[in-house]
Amino acid sequence: MLRFLLRRSLLAALVCLTVLVISFALTRLSGDLATAIAGQGATAADIAIIRHNYGLDRPLPEQFLTWAAAAAHGDLGRSFLYHEPVAGLIWARLPITLTLGLLGLGIALVVAIPLGIVAALREGTAIDRAAGLIAVIGQAMPSFWLGLILIIWLGLKLQLLPISGLESWQGYIMPAVVLSFSAIPSLMRLTRGGMIDALAADYIRTARAKGLSQGSIVLKHALRNAAMPVVAIAAVQLGFMLGGSIVIEAVFALHGVGYLAWESISKDDFPVIQAVVLLLAVIYIGLTLAADMLNALLDPRLRTA
Amino acid sequence: MNVRALSGFAGVAVVGLVTAAAIAAPWITPWDPFAQDLGARLIPPAWMDGGSAAHLLGTDQLGRDYLSRLIYGARISMMIGVLTVLASGLIGITLGVLGGFFGGLVDDVVMFAITCRLAIPLILVALTVVALVGSSLTVVILTLGLLLWDRFAVVARTTSMQVRTLDYIAAARAAGCSRTNIVLVEVLPNIAHHLIVVATLEMALAILLEAALSFLGLGVPPPLPSWGLMIAEGKDYMFFSPWVIVIPGIALFVLVLGINLLGDSLRDLLGGRAAR
């Protein structure tokens, strides 16, 4: 078990390092950063001063090492736009994005798991096909468009929910529902597949032979075994949802990390972009690592992998 | 006709129709999709009050015919879908087959590449690349192609791993075939049916992503009639003229739904038992 943990942690650290290099390289794609920072109308002398002040005149590997060493100590640089430390900017906005992601995942699980169970119990019937149809529709729905339609319908026509911002907790409802759409199809299919396999297993036949009730068989015996991959994928989905919330935050004008990133991209605020890419990658890597470990804890067969 | 056949048929019909419209766009559009007519702005579709038969789906905020823009938009979506899948498929299948067929260290490297790719936030990096390099159709296709290869790689790797141990590979090896020959002639054709299903999924995803990027202002540049861009441009008028965002949104949804249904029925047709 210890070897397994060590191997996985080492791999996670290596992936982090690679993403660090990629996110650094990404912002150097544009060629001359100093010109971009200086903006239009800057003289050659201005650009030279900026280049020197930001350390952009030093060799790329040195720039990378300086940035990476600072990042490892939690210093993610200063924003060109806000003239504040990037870490503080992100820290202030992280709760919004995390709340949105967790709410979205919660809604997705509450919808997907019962739907998957019912579809598995009624495999091949009209109910199963209806559940499959819901998954296909969820997969094809453009999230930003669904958001706009809900704004028009629930926000403006019926005036049930606020159309943007976060003056009250109700501001989270529409964005979280829209975000959950992206996770429902895969979670539903996985629950259904896992339940179908579990229900066909020998221990279920034993449970039935013992005369246990259908409810006890489904919820206690089958679901417990089918739930494991769902938990793992839910963690991965949360990572994807935090990354995807950039679109939702833009639609609903929620000032979370995604909105900050979008703003920074359109205004060439490179330190912020680098930091958000890194943060989202680290969260994703952490979540998958946690899911791996949880699975290995629950199922000793996986530890040799 | 059962439900499965029906949904497969719907998928073929939608994809076929949109492809035909995309190819025939110059001949079937009633108006020039770029021609502005400021005297005829935001005319509603023909079936609504104030609509006119001249503009079946109405006009946008610059008086451009919405039906014509929608049909040209199909061209952009289909181009994005097909070309992105070609690029990402090339990368992903190469990596996946290398890892799955050769195993060992090669496989470790491929697995590592897949893990890194999944850790990179997709939309954020795509937006950044487009913002830095400059937005154009080519840049969007290349960016998405470079990012969407992970599922191709995963599926190509697992399937070629299964195929590797089969008798006909051993037979080909005994007959003296080169490794390249075995991969190209024996492995690829036998995993192709799995890859075609992945291709439909990725095509749908690429089309949705392009729309999202264009909606955020960092995808296909105006005045090109990308459906995502049409929704972004209509956003300011959606409260009084909701159809300006409803129409391109439905087009996007129906096309992606059609591609997914096509993929599902291909899986049923080609996948045999795994179809479940």
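In the text below, chain A, chain B and the rest are named by the order of the sequence lines, each starting its count at 1. It should be emphasised that the depicted structure is a prediction, and the values quoted were computed from it without experimental measurement.
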> Would you say the side-chain atoms of W262(A) pair up with the backbone N or O of L216(B), donor to acceptor, closer than 3.5 Å?
Replying inline: yes
> Counting heavy-atom pairs under 4.5 Å to chain A, which of I250(B), L122(B), V254(B) comes out on top?
Replying inline: I250(B)
> Which one, I137(A), I149(A), L280(A), leads in non-hydrogen pairs under 4.5 Å with chain B?
Replying inline: I137(A)
>> Within this structure, what is the CD1-CZ distance for the pair I22(A) and R117(B), rounded to the nearest 0.5 Å?
In response: 10.0 Å
>> Heavy-atom pairs under 4.5 Å with chain B - which of V277(A), V276(A), V247(A), I283(A) has more of them than the others?
In response: V277(A)
> Under a 4.5 Å heavy-atom cut-off, does chain A meet the side chain of V130(B), its backbone, both or neither?
Replying inline: neither
> Quick one: CG on L6(B) to CZ on R129(A), what's the gap to the nearest 0.5 Å?
Replying inline: 10.5 Å
>> Less than 4.5 Å to any heavy atom of chain B: does that hold for the side chain of I151(A), its backbone, both, or neither?
In response: side chain
> Can you name the nearest heavy-atom pair linking L11(A) to F112(B), along with the distance?
Replying inline: CD1-CD1, 3.9 Å
> Could you give the distance from CG (L124(B)) to CG (L279(A)), rounded to the nearest 0.5 Å?
Replying inline: 10.0 Å
> Using non-hydrogen atoms only, which part of F253(B) is less than 4.5 Å away from chain A: side chain, backbone, both, or neither?
Replying inline: both
>> With chain A as the partner, which of I123(B), I245(B), I120(B) has the greatest number of non-hydrogen pairs under 4.5 Å?
In response: I245(B)
> Non-hydrogen atoms of chain B under 4.5 Å away: do they reach the side chain of L133(A), the backbone, both or neither?
Replying inline: neither
> Looking only at heavy atoms, which two atoms of A119(B) and Y284(A) are closest? And how far apart?
Replying inline: CA-CD2, 3.4 Å
> Any idea which heavy atoms bring I152(A) and M238(B) closest together, and the distance?
Replying inline: CD1-O, 3.7 Å
>> Looking only at heavy atoms and a cut-off of under 4.5 Å, which of A204(B), P242(B), A212(B), G228(B) has the most pairs with chain A?
In response: A212(B)
> What part of I285(A) lies closer than 4.5 angstrom to a heavy atom of chain B: side chain, backbone, both or neither?
Replying inline: side chain
>> For the interface with chain A, which of A211(B), A232(B), A131(B), G217(B) has the highest count of heavy-atom pairs at distances below 4.5 Å?
In response: A211(B)
> Where on V282(A) is there a heavy atom nearer than 4.5 Å to chain B: the side chain, the backbone, both, or neither?
Replying inline: neither
> Measuring heavy-atom distances to chain B, does V15(A) have an atom under 4.5 Å in its side chain, in its backbone, in both, or in neither?
Replying inline: both
> Got a second to check how far Q274(A)'s CD is from T128(B)'s OG1, nearest 0.5 Å?
Replying inline: 10.0 Å
>> With a 4.5 angstrom heavy-atom cut-off, is it the side chain or the backbone of L201(B) that approaches chain A, or both, or neither?
In response: side chain
>> Show, in sequence, the C-alpha distance, side-chain angles and deciding distance for F144(A) and I231(B), and conclude whether the side-chain contact (heavy atoms from CB on, under 4.5 Å) test is met.
In response: CA-CA 9 Å; F144(A) 62 96; I231(B) 296 173; 3.8 Å; yes
